[in-house]
Q: 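The following block contains the structure, expressed as structure tokens.
Because only heavy atoms are used, hydrogens play no part in the values below, and waters and symmetry mates are left out as well, while side chains stay in. Reminder, nothing fancy here: chain letters follow the sequence lines and each chain counts from 1.
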There are 2 protein chains.
Amino acid sequence: MFLSTATNTLDAKGRLSVPADFRAVVGDGNFDGIVVWPSFDGAYLEGGGIALLQDYQSLLETMDPYDEARIAFERAIFAESRRLSFDGTGRVTLPKDLAEYAGLNGRATFIGLGRRFEIWSPEAYQSHAETARKMARENRHRLRLQGRNSGQVQ
Amino acid sequence: MFLSTATNTLDAKGRLSVPADFRAVVGDGNFDGIVVWPSFDGAYLEGGGIALLQDYQSLLETMDPYDEARIAFERAIFAESRRLSFDGTGRVTLPKDLAEYAGLNGRATFIGLGRRFEIWSPEAYQSHAETARKMARENRHRLRLQGRNSGQVQ
DNA sequence: CTGCCTATCATGGGATATTATGGTATTCAA
DNA sequence: TTGAATACCATAATATCCCATGATAGGCAG
């Protein structure tokens with residue numbers, strides 16, 4: 001499970017250390033690395049272990065093969081995503097176009113979101129986080145845990 | 001799993017480098033190369049490892065032998081597909097008729113789509129990808145992973 | 001509780017291997 | 001013999017590996 005936030009440096013060669021606790025999550029025995037793609041929702045990257053993409057794949061396979069949305073998803077996700085393998089010290093080299101897409105400039109912050117994570121430019125994330133907090137505050141009544149002992153927030 | 005997008009040059013002899021990470025996927029020990037056929041859905045090529053065609057074959061074998069769709073698929077895929085083997089440096093030579101079919105002119109972009117891939121003329125793909133991206137964004141609510149920790153894209 | 005030791009982590013630099021691509025030679029068949 | 005297809009070689013750019021360093025955190029002993 002990807003948790004917490006960390007910002008690391010993106011060096012001149014495009015190398016970026018993946019936080020150690022993220023690395024512990026992704027091993028599938030076969031491929032030692034992460035998969036990253038540009039979010040189709042904003043100027044940041046999304047990523048996860050290879051298992052995440054396999055989940056998406058099996059999800060897509062339940063859709064009609066000629067469903068236009070399915071084809072669009074295949075193109076938007078598989079075509080855009082890159083397999084980035086760790087070097088000996090747990091770094092990946094982030095392709096230049098992805099770094100540009102997210103506006104990364106020397107630094108990148110990883111945001112753990114459970115099953116997947118996001119990579120933002122620190123500044124962009126800063127302002128984004130503020131509006132997210134605001135929205136969370138405004139919607140806090142919707143955050144009630146289901147089931148027994150609903151220890152809802154506030 | 002075929003991932004990401006790469007555009008390589010198609011030289012005067014019809015030689016085309018297959019992206020290295022695509023090559024890593026297709027090995028079946030026996031035949032070292034890819035299988036390519038013209039898509040019956042547009043002016044581009046589809047392809048995959050030999051294993052993909054075997055999957056299609058077993059899928060078709062579950063259909064009625066006289067099912068018109070089965071016959072059509074057999075004609076459209078098996079009859080039209082070519083086995084292209086790698087040379088020493090990982091290129092295939094793309095038959096001229098296939099290059100023409102896809103409107104390839106000096107450059108060709110490989111698009112990884114999980115179990116298979118496509119080969120497009122870069123310009124043609126450009127505009128096509130934009131609409132796919134737009135559609136994916138509009139339908140993103142349908143892409144929700146089931147089960148605990150649903151790491152949906154949003 | 002405090003200071004030291006050690007393991008792990010993030011990061012930098014240089015050496016090495018791969019990749020994509022162009023060109024040349026060789027084979028094979030017409 | 002000639003053309004086309006195939007195999008072979010060369011090279012520049014790039015990605016990968018490998019080692020070294022400083023920082024940090026945790027464990028252990030006094």
Q: Are A:E130 and A:K134 close enough for a salt bridge, meaning some N to O gap below 4.0 Å?
A: no
Q: Is there a side-chain contact between A:T93 and the phosphate of D:dT16, meaning an N or O under 4.0 Å from OP1 or OP2?
A: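 Yes, within the criterion.
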Q: Looking only at side-chain N and O atoms, does B:T89 come under 4.0 Å of OP1 or OP2 in D:dC8?
A: no
Q: What is the distance from CG of A:L94 to P of C:dT11, rounded to the nearest Å?
A: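 A:L94 atom CG is separated from C:dT11 atom P by 14 Å.
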Q: Measure CZ/A:R91 against P/C:dT8 and give the value in whole Å, please.
A: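 That distance rounds to 18 Å.
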Q: Nearest whole angstrom, please: distance from the P of C:dT11 to the CG of A:L10.
A: 10 Å
Q: Between C1' on C:dT21 and CZ on B:R107, what's the gap in Å once rounded to a whole number?
A: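 Rounded to whole Å, this separation is 11 Å.
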Q: Identify whether any heavy atom of A:V18 sits under 4.0 Å from a base atom; if not, whether one sits that close to sugar-phosphate; answer base, sugar-phosphate or nothing.
A: sugar-phosphate
Q: Whole angstroms only, please: what is the CG-C1' distance between B:D11 and D:dT6?
A: 13 Å
Q: What is the separation between atom CZ on A:F86 and atom P on D:dA15, rounded to the nearest whole Å?
A: 18 Å
Q: Please name the residue in the list A:T109, A:L113, A:D41, A:V36 that meets the side chain to side chain contact (heavy atoms under 4.5 Å, CB included) test with A:E118.
A: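 Single pass found, and it is A:L113.
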Q: What heavy-atom pair brings A:L98 and A:L45 nearest, and what distance separates the two atoms?
A: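 Smallest heavy-atom distance, with atoms named: O-CD2, 3.7 Å.
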Q: When we call it a touch if two heavy atoms are under 4.0 Å apart, what does A:T9 touch: a base, just sugar-phosphate, or nothing?
A: sugar-phosphate
Q: What's the CG-P distance between A:L16 and C:dG12, to the nearest Å?
A: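 Atom CG in A:L16 sits about 11 Å away from atom P in C:dG12.
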Q: Specify the separation, in whole Å, of atom NZ of B:K13 and atom C1' of C:dT21.
A: 11 Å
Q: Roughly how far, to the nearest 0.5 Å, is OG of B:S85 from CG of B:D32?
A: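 So the gap between those two atoms works out to 8.0 Å.
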Q: Starting at the 5' end of DNA chain D and moving along, which residue's nearest nucleotide shows up first, B:D87 or B:K96?
A: B:K96
Q: Do B:V26 and B:F110 share a hydrophobic cluster, counting only Ile, Leu, Val, Met, Phe, Trp and Tyr and linking them when any side-chain heavy atoms are less than 4.5 Å apart?
A: yes
Q: Where each residue is assigned the nucleotide of DNA chain C containing its nearest heavy atom, which of A:P19 and A:R15 is assigned the position nearer the 5′ end?
A: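 With A:P19 and A:R15 compared, the 5'-side residue is A:P19.
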